[in-house]
K.L.:
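Can you keep this structure in mind? I'll have questions shortly.
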Amino acid sequence: MDKLVERDYEELTLTQVYDESSRGRSRIVALGGPLASGKTALLASFARRTADAGAKVLEATASRAERHQPLGVIDQLLRARRLFSHGAAPEVRSAADGGTRARGEIHPSVLGLLHSAFQRLTSGRPLVVCIDDAHFTDVESLQYLLALVRRMGDAPLTIALTYCPDMGRGEVQRLVQAEILRLPNCTRLDVEPLSRAGVTTLLQDRLDPGTAGRIAAECQRLSGGRPLLVRALAEDYARGAAEPDARHRPVAGPAFGRAVLTCLYRAEPVVLEIAQAMATLGDFRSAAVVARLCGMDPESVGRVVATPGVGALLDHDLLRQPSVREAVLRSIPEQQRQILRSRAARLLHHEGAPAAVTAEHLMRVDEAIPWARQVLCEAADQTLAGGDHETAVGYLERAHRESASRREQLDIAAKLVDVVWCYNPAAAKSYLPDLVAAAERGELSVRQSAPVVRSLLWNGQVELATRVMAHLDDSPAPGDEDSARYAEPLRLWLPLAYPGIAPTPGSPDVSPMGAGLDPDQRATAALGAVLRGAGDEEALPAAELVLRKALAGAAGPASSLASLLVLIYSDHLDKASAWCDALLASIGKAYGLVWNALLISARAEIHYRLGDLANAKRQAKAAFALMPRESWGTAIVIPLSLLILTTTAMGDLGEAETYLDLPVPSAAFGTLGGVVYLDARGHLHLARGRHGAALQDFLAAGHLMRLWGADCPSTVAWRVNAARAHLHQGRAAQARELLTEQLALVPSGHPRTRGQAYRALAATLRADERPQVLLKAASVLDRCGDSLNLAYTLTDLGQAYEVLDDPVQARFHSHMARTLAAQCAAASLPEPPAAQTRKAWTQESPADAAEPVRRLSSAEWRVAELAAGGSTNEQIARKLFITVSTVEQHLTRSYRKLGIRRRTQLPSRLAELVP
């Protein structure tokens, strides 16, 4: 048996009533309370305790199904024990079947038989009669029991019954309220819901005390203190606690839904009918709407809802629990459920309910309804505004099927492409063929064509996109605001997103700070100005203005991302970092999966430019994993570029090669992302020692940027990277020419780009000229926060000072470089191009180009160089912080590799190796 909680008073009262009855005074005790308040458990406990005390116990449970059966409860009692002789039983049953009197009248002979039987039962020991759910008792049984109580006198008889106020037939409630409860020997007990302390105690049957105490308040709110529902919540919580994502708050799960449905089944049919109507209607369910759906008047519905016996089972908060609503809806037969939903949809539409509410029912109705398409489209807009993309797509797909005309189908298909692209660009492809064909027939408006063009370009279908654009009217008719509204974004964004087919990024004659510009115009003008190298004076404040508008919900994702790129490409990485974090925290997901992935990619780029390789790689991976590979389209080059750059810088060249092996659409190289990809691939080639391939990629990137008029040195520093590739191949003059050009083009406010150029330029200078330029580069890079390139620059400084015989400075800068590199998670720092060039000098012997000279190690070269300059072995040992024995070993190996026999041959032999 279930444990009784907070029922001490009731149990004590029942015991007192039984004690009085057993001393020779018949008593009645009526346990009243709402459904599921624990009356049945209390009655069962009383029956068990009195039986243990020696009483004879007769039990019956009244049923809603048998309440019209005369003497149905009496029949249960007489079948429980053999109360009558063989001859008397038929007479009682005859009366139960109707007999000769009208129903509801007392049959004297039957009353006599019952009186005799009850006297016989009470003659030896006390008799206890327990009737559960007495509100469903048939009228005749209740009348006979009342008549018996009046006639039993001092017999040791106790009748205990449970009932719910205002439930059951009106005549039964009249008998209970007007006669039974008014009897002088009747005791009334109101069974109240459990308090919070009682709920805590009950929860401890299934849960540990700490958990029970923590969730008790919420369980009391959900259950209303009904023990049956509290136990169901404990069961749901115990089941959920075993799952990895278990929450700390109680959840109304399947057990709770079943328990509520059990209570509704035990109530009057009208209660379940109203609950089913409410569950069907969902949140939009006024009393008037519920009444109309049930075919009742609002007053009747209000009375049922307010019935104490129902015990708030029709409460809004209870029925809105998903598990409860699902259980109640499942209780409706499928065919009837369809009819009810169809009626609900029509009713809600007539009542002016929000489209999203009506659409929920339309989605579950098989029949075609003329006005459904419009409602579904409105509902899609509402749910999209709420961030529910999947539901919106479902509404649009149903609306597409419901469309009555070709024009409607095309309009909804274009809208589907627009919505689906934001979350799953690959899924939008299925709608494109019909829309492209319609565009070529001139059936699409500019508004409908815009998302088609965007999706085609995203998927690399450039030829189809240009064909669709060819059918757009470049000069909309006066007053045709729809065409102008949707043609303008295409004109603005196409040069920036796909300069390969529209090679003029932004309009040179538009100022980013011009009055009256909307966010799209301002963002495109600002980014266009930065890409053209037109300066940042107006672009930076314009970009930050757009970002402020974006956080306020007044700017879209495209203008937000473009404004972030303005800050990134202007080397304002601290500002870009703060704005990007703010966007991701507040509205990143609201933009849709695609824009969220692009924002996360931008965050990864900021991390990379700041030298935070671990976070850059993590964010790039997170962005890449947000969508399937096929959904990335041509934009796949964006996360791939960042993954190649970060893994290369971290020394994970094998992993970088795996990203390089992933296929990239050829159309991607018509985008700025394609240029970044070429730059990343060049970095990997350079790290692998494939200097020719690296130079080819860097120069290809530069060619595209110049071709498109987007040769911003801070976007992709292709000249710096190409110069480094030249230096690795020993072509210092070509490198110096590129770097001079780079420094002339870099605006004054771009410190990171300028610092990189200074570092590369130092490698083209004489050893004694390098430190000054490298120190300048280090100062600039330190101010802009680029830790990785600062570490590279300090490495170069350390090696420059080593060549200049300044071991203190060499050791100091090398130590700083290693510390910074570790903080950046960078690989072992590369040798500067000057050192790499020096190694290249040892590759071939001018005396015999066909006979390669064995390569000197870096240590061997330094020792040989100092020895050639006239330093003794002891002096070399002090300068390089090594032993004299090590110096001698290095020299011995150097002589052998260089093909010489004595120290005096070193100067000329080393000079021959320098091109």
Side-chain angles (χ1 to χ4, degrees), residues 454 487-499 502-584 586-588 591 595 598-599 601-603 605-606 609 635 638 671-673 675-676 705-706 708-717 745-754 784:
R454 180 183 63 184
E488 179 67 8
L490 274 179
R491 183 187 71 80
L492 290 172
W493 290 110
L494 192 59
L496 296 171
Y498 243 106
T504 306
S507 177
D509 56 348
V510 175
S511 168
M513 294 300 288
L517 295 182
D518 64 26
D520 279 349
Q521 292 171 321
R522 199 179 300 276
T524 52
L527 182 56
V530 170
L531 291 176
R532 289 192 310 273
D536 307 336
E537 294 78 9
E538 290 184 294
L540 289 173
E544 292 198 87
L545 177 61
V546 172
L547 290 168
R548 283 193 291 272
K549 287 181 176 291
L551 289 180
S559 55
S560 302
L561 184 62
S563 299
L564 271 180
L565 293 177
V566 169
L567 299 178
I568 293 171
Y569 294 160
S570 300
D571 289 347
H572 287 268
L573 300 178
D574 51 348
K575 290 184 177 181
S577 181
W579 279 112
C580 193
D581 286 343
L583 286 174
L584 285 169
S586 59
I587 53 179
Y591 280 162
W595 291 111
L598 293 176
L599 280 175
S601 297
R603 191 66 183 94
E605 170 124 3
I606 296 167
R609 288 180 178 236
I638 296 173
T671 70
L672 286 174
V675 171
V676 178
M705 293 175 73
R706 287 184 294 185
W708 297 338
D711 192 11
C712 170
S714 300
T715 305
V716 172
L745 291 173
V746 176
S748 58
H750 292 220
R752 177 177 180 271
T753 309
R754 185 171 295 276
C784 75

K.L.:
Taking all non-hydrogen atoms of both residues, which atom of W579 and which atom of E544 are closest, and how far apart?
P.N.:
NE1-OE1, 2.9 Å

K.L.:
Find the distance between CG (L564) and CD1 (I606) and round it off to the nearest 0.5 Å.
P.N.:
6.0 Å

K.L.:
Please report the closest heavy-atom contact between P713 and T753, naming both atoms and the distance.
P.N.:
O-CG2, 3.5 Å

K.L.:
With a 3.5 Å distance limit and no angle check, can you tell me whether S563 reaches the backbone of S559 through a side-chain donor-acceptor pair?
P.N.:
yes

K.L.:
Testing the basics here: between Y591 and A555, what is the closest heavy-atom pair and its distance to 0.1 Å?
P.N.:
OH-O, 3.6 Å

K.L.:
Please examine the side chains of P541 and L545, heavy atoms only from C-beta on, and report whether any two atoms are closer than 4.5 Å.
P.N.:
no

K.L.:
Any sub-3.5 Å donor-acceptor pair from D571's side-chain atoms to R752's backbone N or O?
P.N.:
yes

K.L.:
Could you measure the distance from the OG atom of S714 to the CD1 atom of I568? Nearest 0.5 Å is fine.
P.N.:
11.5 Å

K.L.:
Should E605 and R609 count as an ion pair when the cut-off is N to O under 4.0 Å?
P.N.:
yes

K.L.:
What's the separation between atom CG in D518 and atom CD in E488, rounded to the nearest 0.5 Å?
P.N.:
7.5 Å

K.L.:
What's the verdict on side chain to side chain contact (heavy atoms under 4.5 Å, CB included) for H572 and V566, showing C-alpha distance, side-chain angles and the deciding distance?
P.N.:
CA-CA 9 Å; H572 287 268; V566 169; over 6 Å; no

K.L.:
Checking the side chain of R522 only, and the main-chain atoms of L517 only, is there a donor and an acceptor separated by less than 3.5 Å?
P.N.:
yes

K.L.:
Determine whether L531 and L496 satisfy the following criterion, side chain to side chain contact (heavy atoms under 4.5 Å, CB included), listing intermediate values before the conclusion.
P.N.:
CA-CA 9 Å; L531 291 176; L496 296 171; 3.8 Å; yes

K.L.:
Quick one: pull up NE2 in H750 and SG in C784 and give me the separation to the nearest 0.5 Å.
P.N.:
12.0 Å

K.L.:
Are L672 and L565 close enough, and set up right, to give a side chain to side chain contact (heavy atoms under 4.5 Å, CB included), and what steps lead you there?
P.N.:
CA-CA 12 Å; L672 286 174; L565 293 177; over 6 Å; no

K.L.:
Nearest 0.5 angstrom please: R603 CZ to L598 CG, how far?
P.N.:
15.5 Å

K.L.:
Can you tell me how far apart CG (L599) and CG (D581) are? Round to the nearest 0.5 Å.
P.N.:
11.0 Å

K.L.:
Could you walk me through whether W708 and V675 pass the side chain to side chain contact (heavy atoms under 4.5 Å, CB included) test, one step at a time?
P.N.:
CA-CA 11 Å; W708 297 338; V675 171; 3.5 Å; yes

K.L.:
Using atom types as modelled and distance alone, determine if a side-chain donor or acceptor of S570 lies under 3.5 Å from a backbone N or O of L567.
P.N.:
no

K.L.:
For the residue pair C712 and Y569, what are the closest heavy atoms and their distance?
P.N.:
SG-O, 4.2 Å

K.L.:
For A539 and V530, work out which heavy atoms get closest and say how close.
P.N.:
CB-CG2, 3.8 Å

K.L.:
For residues A582 and L551, report the shortest heavy-atom separation together with the two atoms involved.
P.N.:
O-CD2, 3.8 Å

